[in-house]
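Shown next, in structure tokens, is the structure this report addresses.
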Amino acid sequence: MVVLANPPVVDQIPLLRSPGPRDSFAAVPVVDLSSPGAARAIVDASERFGFFKVVNHGVAGDTMERAETEAVKFFAQAQADKDRAGPAYPPFGYGSKRIGLNGDMGWLEYLLLAVDSASLSDACTVPAAAAFRAALNEYITAVRKVAVRVLEAMAEGLGIAPADALSAMVTEQGSDQLFRVNHYPPCPALQGLGCSATGFGEHTDPQLISVLRSNGTSGLQIALRDGAQWVSVPSDRDAFFVNVGDSLQVLTNGRFRSVKHRVVTNSLMSRVSFIYFGGPPLAQRIAPLPELLGEGEESLYREFTWGEYKKAAYNTRLGDNRLAQFEKK
Ligand SMILES: C=C1C[C@]23C[C@@]1(O)CC[C@H]2[C@@]12CC[C@H](O)[C@@](C)(C(=O)O1)[C@H]2[C@@H]3C(=O)O
Ligand SMILES: O=C(O)CCC(=O)C(=O)O
Ligand SMILES: [Fe+2]
């Protein structure tokens with residue numbers, strides 16, 4: 001048997017079938033955040049896909065562009081300069097190709113950063129450049145407001161009181177928020193071979209909610225039908241995309257589904273994405289909200305705190321079903 005190796009340039013990085021026009025997911029739910037029907041639409045999309053696109057969000061284009069321009073400048077530096085901003089683990093900073101500590105690899109480089117209240121944590125000295133930090137802080141303040149509005153709309157649509165029952169978990173003192181800037185360089189070595197390098201392997205996000213924005217380069221895919229089909233999300237640099245995370249799945253006792261997603265590298269164009277991850281304080285109990293449990297209905301999950309879940313999640317591989325070990329048998 002002849003075993004074909006990856007081309008050396010993508011050695012150790014899993015390959016995926018290159019997406020084509022037929023994989024495009026034209027039916028991505030779009031939520032107009034300024035409309036009175038937003039709460040209903042968000043609940044509907046969170047139940048059906050755990051994923052939706054948000055428009056009319058009120059974040060200025062300049063805020064997104066400035067952050068993107070600074071990020072592009074950061075990643076354009078010499079490798080030795082970027083490496084000085086690393087490693088990504090522990091606790092935060094620049095990383096390349098290695099995702100997490102359990103052997104996952106992707107065709108990307110990134111900054112993994114801690115957020116305190118509405119801006120980069122002072123404890124996180126990366127990035128050092130004042131202009132990049134200022135641009136990221138302006139962006140983080142804005143995107144966090146979008147996350148809060150979405151979580152408030154979820155509470156409204158689910159009929160949960162008070163209005164900040166979910167959003168307070170990401171805004172209260174000690175909430176565990178992260179910010180990630182991903183850069184997927186093009187991978188021309190694979191052009192025309194019908195396959196593409198994995199940018200970020202399939203996974204669900206462990207937190208409550210993730211809010212993503214990318215430059216106009218495609219690559220994000222979500223899984224439909226429990227992973228039986230992968231579809232490509234058409235990129236939109238003016239919109240945000242929201243992922244329901246594992247913790248929100250548990251808080252809704254499985255009514256909302258955390259979305260399995262991944263990124264496929266483009267052979268010709270760089271993708272730059274920003275993702276805000278809203279997580280609760282480590283001591284927060286993650287269990288179905290009582291209002292969402294029907295008469296006699298029990299939690300599908302064993303009780304745990306966010307700290308316990310995060311610790312367990314960070315011991316798993318990217319594609320593992322992290323919630324499985326917390327499901328009641
Ligand atoms: C392989 C891993 C990377 C990850 C930690 C983990 O062990 C499993 C969860 C991964 C993930 C996915 C969403 C976010 O990008 C992330 C920052 C997170 O909170 O969980 C990453 C983790 C990471 O890159 O360290
Ligand atoms: O970079 C992207 O577009 C998505 C990355 C992602 O899913 C993640 O960082 O968790
Ligand atoms: Fe993700």
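Counting starts at 1 for both ligands and their atoms, in listed order. Since the structure is predicted, the reported quantities are computational estimates derived from the model, not experimental observations.
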**Item:** Per-atom contacts, ligand 1 versus Asn102 - under 4.0 Å to a heavy atom
**Value:** 7 (O)

**Asked** Do the ring centers of Tyr89 and Tyr314 come within less than 6.0 Å of each other?
**Response** no

**Request:** Show which atoms of ligand 2 fall inside a sub-4.0 Å distance from at least one heavy-atom site of Asp205.
**Result:** 10 (O)

**Request:** Establish, yes or no, whether a centroid distance under 6.0 Å links the rings of Phe200 and Tyr184.
**Result:** no

**Asked** If you measure from the Lys or Arg side-chain nitrogens to the Asp or Glu carboxylate oxygens, is any gap between Arg237 and Glu65 under 4.0 Å?
**Response** yes

**Asked** With a 6.0 Å cut-off on ring centres, are Phe326 and Phe304 close enough?
**Response** yes

**Request:** Compute whether any side-chain donor of one residue and acceptor of the other, for Glu138 and Thr63, lie under 3.5 angstrom apart.
**Result:** yes

**Prompt:** Side chain or backbone of Ala313 under 4.0 Å from ligand 1, or both, or neither, by non-hydrogen atoms?
**Reply:** backbone

**Protein contact of atom 7 (O) of ligand 1 - nearest heavy atom, named by residue and atom, plus distance** = Thr316 O, 3.0 Å

**Asked** Do you see a donor-acceptor pair shorter than 3.5 Å between the side chains of Asp23 and Ser232?
**Response** no

**Message:** Test of understanding: given a 4.0 Å heavy-atom threshold, classify the contact between Asn243 and ligand 2 as side chain, backbone, both, or neither.
**Reply:** neither

**Complete:** heavy-atom search around atom 10 (O) of ligand 2 in the protein gives His203 NE2, 3.1 Å

**Asked** For ligand 2, which atoms, with element, lie under 4.0 Å from some heavy atom of Phe277?
**Response** 8 (C), 9 (O), 10 (O)

**Asked** Which of the numbered atoms in ligand 2 are below 4.0 angstrom from a heavy atom of Ser273?
**Response** 1 (O), 2 (C), 3 (O)

**Asked** Using heavy atoms and a threshold below 4.0 Å, how should the contact between Tyr184 and ligand 2 be classified: side chain, backbone, both, or neither?
**Response** side chain

**Request:** Pull out every atom of ligand 1 sitting under 4.0 Å from any heavy atom of Asp104, numbered as shown with elements.
**Result:** 1 (C)

**Asked** Within a distance of under 4.0 Å, is there any protein heavy atom near atom 4 (C) of ligand 1?
**Response** no

**Prompt:** Is it the side chain, the backbone, both or neither of Leu212 that has a heavy atom closer than 4.0 Å to ligand 2?
**Reply:** side chain

**Request:** Give the residue, atom name and distance (to 0.1 Å) of the protein heavy atom nearest atom 9 (O) of ligand 2.
**Result:** Arg180 CD, 3.1 Å

**Prompt:** What do you reckon, does Thr204 have a nitrogen or oxygen under 3.5 Å from a nitrogen or oxygen of ligand 1?
**Reply:** no

**Asked** What do we get for Leu318 next to ligand 1 when only non-hydrogen atoms under 4.0 Å count, side chain, backbone, both or neither?
**Response** both

**Asked** Mind checking whether Phe274 and Tyr139 have parallel, tilted or perpendicular rings, split at 30° and 60°?
**Response** tilted

**Request:** Select one of side chain, backbone, both or neither to describe which atoms of Lys310 lie under 4.0 Å from any atom of ligand 1, heavy atoms only.
**Result:** neither

**Complete:** protein heavy-atom neighbour closest to atom 5 (C) of ligand 2 works out as Asn182 ND2, 3.3 Å

**Prompt:** When you check the side-chain N and O atoms of Thr316 and Arg322, is any donor under 3.5 Å from an acceptor?
**Reply:** yes

**Request:** Pick, from Phe179, Tyr89, Tyr314, the option with the minimum heavy-atom distance to atom 16 (C) of ligand 1.
**Result:** Tyr314

**Item:** Distance from atom 13 (C) of ligand 1 to nearest protein heavy atom, with residue and atom
**Value:** Asp205 OD1, 3.3 Å

**Fill in**
The option among Arg180, His203, Arg322 carrying the non-hydrogen atom nearest to atom 12 (C) of ligand 1 is His203

**Residue pair Ser18 / Ser196, side-chain donor-acceptor N/O under 3.5 Å** = yes

**Asked** Considering only heavy atoms, does Leu101 approach ligand 1 within less than 4.0 Å through its side chain, its backbone, both, or neither?
**Response** neither

**Request:** Name the option, out of His261, Arg213, Arg262, Gln221, that contains the heavy atom nearest to atom 7 (O) of ligand 2.
**Result:** His261

**Complete:** Taking the Fe ion (ligand 3) as the apex, His261 NE2 and His203 NE2 span an angle, rounded to 10°, of 90°

**Asked** Any ion pair linking Asp104 and Arg98 (charged N to carboxylate O, less than 4.0 Å)?
**Response** no

**Complete:** Taken to the nearest 0.5 Å, the spacing of Lys97 NZ from Met105 CE works out to 7.0 Å

**Contact atoms of ligand 2, heavy-atom distance to Val263 under 4.0 Å** = 1 (O), 2 (C), 3 (O), 4 (C)

**Complete:** Counting from 1 in the order shown, the ligand 1 atoms closer than 4.0 Å to a non-hydrogen atom of Phe200 are 15 (O)

**Pair Asn266-Thr217, side-chain donor/acceptor within less than 3.5 Å** = no

**Prompt:** Is it true that Tyr110 lies under 4.0 Å from ligand 2, counting heavy atoms only?
**Reply:** no

**Prompt:** In this structure, which one of Val233, Val242, Val244 forms a side chain to side chain contact (heavy atoms under 4.5 Å, CB included) with Phe51?
**Reply:** Val233

**Message:** Please determine whether any non-hydrogen atom of Tyr110 lies less than 4.0 Å from an atom of ligand 1.
**Reply:** no

**Prompt:** Should Ser210 and Tyr276 be marked as a side-chain contact (heavy atoms from CB on, under 4.5 Å) after you check the CA-CA gap, both sets of side-chain angles, and the distance that decides it?
**Reply:** CA-CA 5 Å; Ser210 317; Tyr276 163 85; over 6 Å; no

**Asked** Is the backbone of Ala312 close enough, under 3.5 Å, to the side chain of Asn315 for a donor and an acceptor to pair up by distance?
**Response** no

**Name of the Asp205 atom (N/O/S only) found closest to the Fe ion (ligand 3)** = OD1

**Fill in**
among protein heavy atoms, the one nearest atom 3 (O) of ligand 2 is Arg271 NH2, 2.6 Å

**Prompt:** Of Gln325, Lys328, Glu327, which is the lone residue that meets side chain to side chain contact (heavy atoms under 4.5 Å, CB included) with Tyr301?
**Reply:** Glu327

**Fill in**
the protein heavy atom lying closest to atom 11 (C) of ligand 1 turns out to be Pro206 CD, 4.3 Å

**Message:** By the definition side chain to side chain contact (heavy atoms under 4.5 Å, CB included), identify the one residue from Glu152, Met154, Glu172 that meets it with Ser167.
**Reply:** Glu152

